[in-house]
Structures are given as structure tokens and as C-alpha cells.
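A quick write-up on the structure given underneath.
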Amino acid sequence: MGGDHAPGEIVAGALRAREELGVDILLVGDPQQIEAALPPKTNLGQVEIVTAQEAIAMDEEPLNAVRRKRKASINVAMDLVKQQKADAVFSAGHSGAAMASALLRLGRLPGIDRPAIGTVFPTIIAGKPVLVLDVGANVDCRPKFLEQFAVMGSAYSQYVLGTNEPKVGLLNIGEEESKGNDAAVRAHQMLRENSQINFIGNAEGRDVLSGRFDVIVCDGFVGNVLLKFAEAVGEVILQILREELPQGLHGQIGSALLKPNLKRIKQRMDHAEHGGALLLGVAGVCFIGHGSSQAPSIFNAIRMAKEAVDNQVIQRIQSQYILERESG
């Protein structure tokens with residue numbers, strides 16, 4: 001029920017995922033609105049709708065709303081994961097409410113102080129994305145939080161994105177280990193001394209999309225600004241291509257010839273191709289999408305959630321990384 005285009009686009013993306021990915025979908029929310037959003041002649045026997053009496057609006061304070069509206073759709077969805085009736089949850093609604101509900105319903109993984117929202121950025125190297133976290137869950141971060149983000153991000157990069165020995169960087173204002181504020185300097189030292197990750201040093205802003213790093217950690221304030229800026233830049237470039245390439249007869253001919261290439265450019269740059277961001281650090285697979293998410297984004301978010309479940313990313317973080325570190 002969450003998002004600017006809910007429930008219509010949510011339902012459309014979910015139905016596509018059911019058909020193309022072979023996953024079972026539970027649509028949580030108001031049955032009447034959901035059924036109205038279904039395509040004509042939909043076999044209701046193949047669509048499972050879970051009733052939720054309430055929804056949390058974007059302008060509500062997240063923690064209070066989650067506690068007050070116990071039967072809100074996000075709470076009902078999280079409970080399905082907690083009760084092992086679902087393997088993952090996706091929401092394009094209030095991201096703060098999704099995080100609060102995940103913490104209250106699912107709880108944190110052992111050894112994790114703060115969960116982080118991780119999102120995938122394209123880089124100049126085709127097929128080599130970079131995972132950036134946190135992009136909004138924690139405005140202020142202690143050095144040990146950043147260290148935990150690096151551990152979780154490395155696990156996700158390795159087991160879901162298929163990166164061998166992910167290279168980790170700390171977003172900073174310079175390459176030297178002495179650069180940045182006190183928290184950045186201390187975080188650099190902790191990351192360098194952590195044997196569970198492949199920390200290769202500080203990453204400046206120009207390095208984020210260079211392909212040099214596989215995982216970059218930062219606090220949620222900086223990460224969210226970086227995310228919104230990157231999305232805007234991608235949209236600007238795509239719009240410029242749409243406007244400039246078709247100019248004149250030669251441009252029209254060239255655009256026709258370049259159509260397959262332009263489609264690949266869009267796939268590499270468009271945030272809709274990545275669907276959403278994984279909330280790492282909670283005891284369940286939870287993806288948070290953009291409020292403006294439409295059907296393609298919903299489909300891709302569900303695809304990424306399926307990959308996280310299939311690769312047992314939560315279990316791997318918990319057993320191979322966190323518990324191993326506690327025992328050490």
C-alpha cells in the first residue's frame with residue numbers, strides 16, 4: 001500500500017515477478033484496492049492477498065506510527081517474515097516506517113548495533129556495480145557502525161553480487177588515512193585492522209563510480225545525498241541523450257542505429273533497474289524501494305530479494321562474519 005503509485009504499480013510489478021521469476025507473492029493491504037488494481041480476468045486463485053487494516057502515510061512519524069498502527073500493512077508484512085510465512089518483504093512506502101517495523105518485528109542480527117540501507121550504483125566498468133551503505137538509515141555514525149557496515153556489505157557483495165574478495169573503501173575527503181574528521185580517522189584504523197574485510201583505503205567522491213571499489217561505507221546523511229545526486233545525474237544524462245540525438249535527419253538516422261546501445265545505457269544508469277535497497281543488519285530480508293517506484297522497479301526489487309534469499313545472505317552474515325568475530 002506504500003508508494004506514490006500504490007497499489008497499481010506495486011501489483012503490476014509483483015505479478016510480473018510471479019510470472020517471470022517463479023516466486024509466490026503475498027500482496028499485503030486493503031483487499032478491495034488490491035483487487036481493483038488487478039488486470040481483468042486475473043485468476044484470484046493464483047493471487048494471495050493478505051488483509052491489512054491500515055497503512056502508514058509518508059508524513060507520519062515512523063516509530064510512533066508503527067507502534068500505534070499494529071495492523072498497518074508494513075507490520076503485517078514483517079510479521080509474515082518473522083513467522084516464516086514469507087522469505088522477504090518489499091515496501092515502496094515510508095522508508096523510516098519500514099526500518100522501524102523491521103527493527104521491532106524482526107530484530108537486529110547478533111553483533112550489529114545499527115542496520116544500514118545498502119544500494120547498488122553502476123560504475124564505469126560494465127557489469128561491476130558498487131554497493132554503497134549507509135544511504136539513509138543512520139544520519140550519525142560511530143566508527144564501529146561503519147566497520148559493521150563494511151562487514152555486512154562485503155558479505156552481500158560476495159554472495160549476492162558475486163564479487164570475489166570485495167574491495168572496501170571509506171568515503172572521505174582525501175586518500176590519506178589522516179584525512180577527515182576524528183570519526184573518519186578512527187573508522188579508517190578500525191577498517192584497516194579488521195581481517196574479515198579487504199579494506200583498501202579511503203574513497204573520494206570521484207572514486208565512487210570508478211569501479212575501483214566494490215563496497216563503500218559512509219554515514220546515512222552523506223550516503224543519502226550521494227544517492228539522490230547520482231539519481232539526478234543519471235536522469236539528466238538520459239534526458240540530454242533523448243533531446244540531442246534525434247536532432248536533424250542525421251540525428252534521427254543515428255538514433256535508430258544506436259537504439260540497442262541507448263537501451264543498454266539506460267539499463268546501466270537507471271535506478272529503476274536496481275529496484276530498491278536492502279536493509280542490512282536485521283534478521284530478515286527487507287528491501288526498501290523509492291516512493292516513486294513503478295512496475296519495473298518493483299519487479300527488480302523482488303528479483304534482488306529473491307537473490308538475497310537464494311544466496312542466504314542473512315545467514316551468511318550471521319554465521320560466517322558476525323558470530324565468527326564474536327568468538328574471536
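If you read the sequence from its start, that first residue is 1, and numbering goes on from there.
Considering OG of S73 and CE of M78, their distance stands at 10.0 Å, rounded to 0.5 Å. M99 contributes atom CE, which lies 10.5 Å from atom CG of L104 (distance to the nearest 0.5 angstrom). Rounded to the nearest 0.5 Å, atoms CG (D207) and CD1 (I216) are 7.0 Å apart. The distance from atom CG of L227 to atom CZ of F121, rounded to the nearest 0.5 Å, is 5.0 Å. For the atom pair CZ of R186 and CG of L146, the computed distance is 10.0 Å after rounding to the nearest 0.5 Å. Rounding to the nearest 0.5 Å places CZ of F199 at 11.5 Å from CE of M190.
In this structure, G284 and L106 approach most closely via the heavy-atom pair CA-CD1, 4.1 Å. The nearest pair of heavy atoms linking A37 to G8 is CB-CA, 3.9 Å. Nearest heavy atoms, S91 versus I74: CB-CD1, 3.8 Å. Considering every non-hydrogen atom in both A187 and L170, the closest pair reads CB-CD2, 4.2 Å. Between A295 and E9, the shortest heavy-atom distance links the atoms N-OE1, 2.8 Å. Between A14 and L27, the shortest heavy-atom distance links the atoms CB-CD2, 3.8 Å.
When the shell of 6.0 Å around CG of N181 is examined, it contains more than 12 heavy atoms from other residues, nucleotides or ligands. The neighbour count for E20 CD, taken as heavy atoms of other residues, nucleotides or ligands under 6.0 Å away, is above 12. The 12-atom threshold is not exceeded at CD of Q53, counting heavy atoms of other residues, nucleotides or ligands nearer than 6.0 Å. No more than 12 heavy atoms of other residues, nucleotides or ligands shown are found within 6.0 angstrom of CZ on R142. In Q83, the CD atom is crowded: over 12 heavy atoms of neighbouring residues, nucleotides or ligands sit closer than 6.0 Å. Surrounding CZ of R68 are more than 12 heavy atoms belonging to other residues, nucleotides or ligands, all under 6.0 Å away.
Two residues are said to be in side-chain contact when any heavy atoms from C-beta on lie closer than 4.5 Å; I112 and M152 meet this criterion. Looking only at side-chain heavy atoms (C-beta outward), V120 and V130 stay at 4.5 Å or farther from each other. When side chains are defined from C-beta on, I56 counts as touching V66, because their heavy atoms get closer than 4.5 Å. Within the 4.5 Å cutoff, the side chain of F213 has heavy atoms near those of the I200 side chain. In this structure, V217 and L133 have side chains that are in contact, with non-hydrogen atoms separated by less than 4.5 Å. A 4.5 Å side-chain heavy-atom check between L278 and M304 finds every atom pair outside the cut-off. Using a 4.5 Å cut-off on side-chain heavy atoms (C-beta onward), E48 and I25 make no contact. The shortest distance between side-chain heavy atoms of P115 and L280 does not fall below 4.5 Å.
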Take K179 and E175 through the test salt bridge (Lys or Arg N to Asp or Glu O under 4.0 Å) and record every step on the way to the result.
CA-CA 7 Å; K179 289 286 183 146; E175 293 183 355; over 6 Å; no
Salt bridge (Lys or Arg N to Asp or Glu O under 4.0 Å) between D113 and K144, intermediate numbers included:
CA-CA 9 Å; D113 292 293; K144 71 173 182 177; 3.6 Å; yes
What verdict does the side chain to side chain contact (heavy atoms under 4.5 Å, CB included) test give for V89 and F287, after you've listed the backbone C-alpha separation in whole Å, the side-chain angles of each residue and the deciding distance to 0.1 Å?
CA-CA 6 Å; V89 60; F287 268 82; over 6 Å; no
Could you walk me through whether Y156 and L161 satisfy the side chain to side chain contact (heavy atoms under 4.5 Å, CB included) test, starting with their C-alpha distance in whole Å, then the side-chain angles of each, then the deciding distance to 0.1 Å, before giving a yes or no?
CA-CA 7 Å; Y156 185 83; L161 301 180; 4.0 Å; yes
Go through the steps to decide whether N64 and R67 satisfy the test side chain to side chain donor-acceptor pair (under 3.5 Å), and finish with yes or no.
CA-CA 5 Å; N64 289 336; R67 286 175 170 167; 5.2 Å; no
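Under the 3.5 Å distance criterion, with hydrogens and angles disregarded, no donor-acceptor pair is assigned to the side chains of N164 and Q158. There is no side-chain donor-acceptor pair under 3.5 Å between S292 and D4. Residues E177 and N202 bring no donor and acceptor atom of their side chains to less than 3.5 Å of each other.
With hydrogens and angles ignored, the 3.5 Å screen pairs a side-chain donor or acceptor of D134 with a backbone N or O of A137. Side-chain N or O atoms of T123 include one that pairs as donor or acceptor with a backbone N or O of K128 at under 3.5 Å. Judged purely by atom type and a 3.5 angstrom limit, D30 uses its side chain to pair as donor or acceptor with the backbone of Q32. Formation of a donor-acceptor pair under 3.5 Å by the N300 side chain with backbone atoms of P296 is found in this model. Using a distance-only test at 3.5 Å, with no hydrogens or angles considered, a donor-acceptor pair links the side chain of N311 to the main chain of E307. At distances below 3.5 Å, not a single donor-acceptor pair connects side-chain atoms of N172 with backbone N or O atoms of A203. E193 places no side-chain N or O within 3.5 Å of a backbone atom of S195 that could act as its donor or acceptor partner. Although no hydrogens or angles enter the test, the distance criterion places no donor-acceptor pair under 3.5 Å between the side chain of H5 and the main chain of S293. Using a distance-only test at 3.5 Å, with no hydrogens or angles considered, a donor-acceptor pair links the side chain of S154 to the main chain of A150. The backbone N or O of F221 sits less than 3.5 Å from a side-chain atom of D219, completing a donor-acceptor pair.
I173 and L209 fall into different hydrophobic clusters, where Ile, Leu, Val, Met, Phe, Trp and Tyr residues are linked whenever their side-chain heavy atoms come under 4.5 Å apart, directly or through other members. With hydrophobic clusters built from ILVMFWY side chains whose heavy atoms lie under 4.5 angstrom apart, V135 does not share a cluster with M58. No continuous path of ILVMFWY side-chain contacts below 4.5 Å connects V185 to F149, so the two sit in separate hydrophobic clusters.
D79 pairs by the salt bridge (charged side-chain N to carboxylate O under 4.0 Å, His left out) definition with R105, not counting sequence neighbours. Here R70 pairs with nothing under the salt bridge (charged side-chain N to carboxylate O under 4.0 Å, His left out) rule; sequence neighbours left out.
At a threshold of 4.0 Å, the pair D87-K306 does not count as salt-bridged, since none of the basic side-chain nitrogens sits closer than that to a carboxylate oxygen.
In this structure, V50 shares a hydrophobic cluster with L26, V28, V76, L80, the cluster being traced through Ile, Leu, Val, Met, Phe, Trp and Tyr side chains under 4.5 angstrom apart.
Because its NZ or CZ atom is both nearer than 6.0 Å to the ring centre of F299 and within 45° of the ring axis, R16 counts as a cation-pi partner of that residue.
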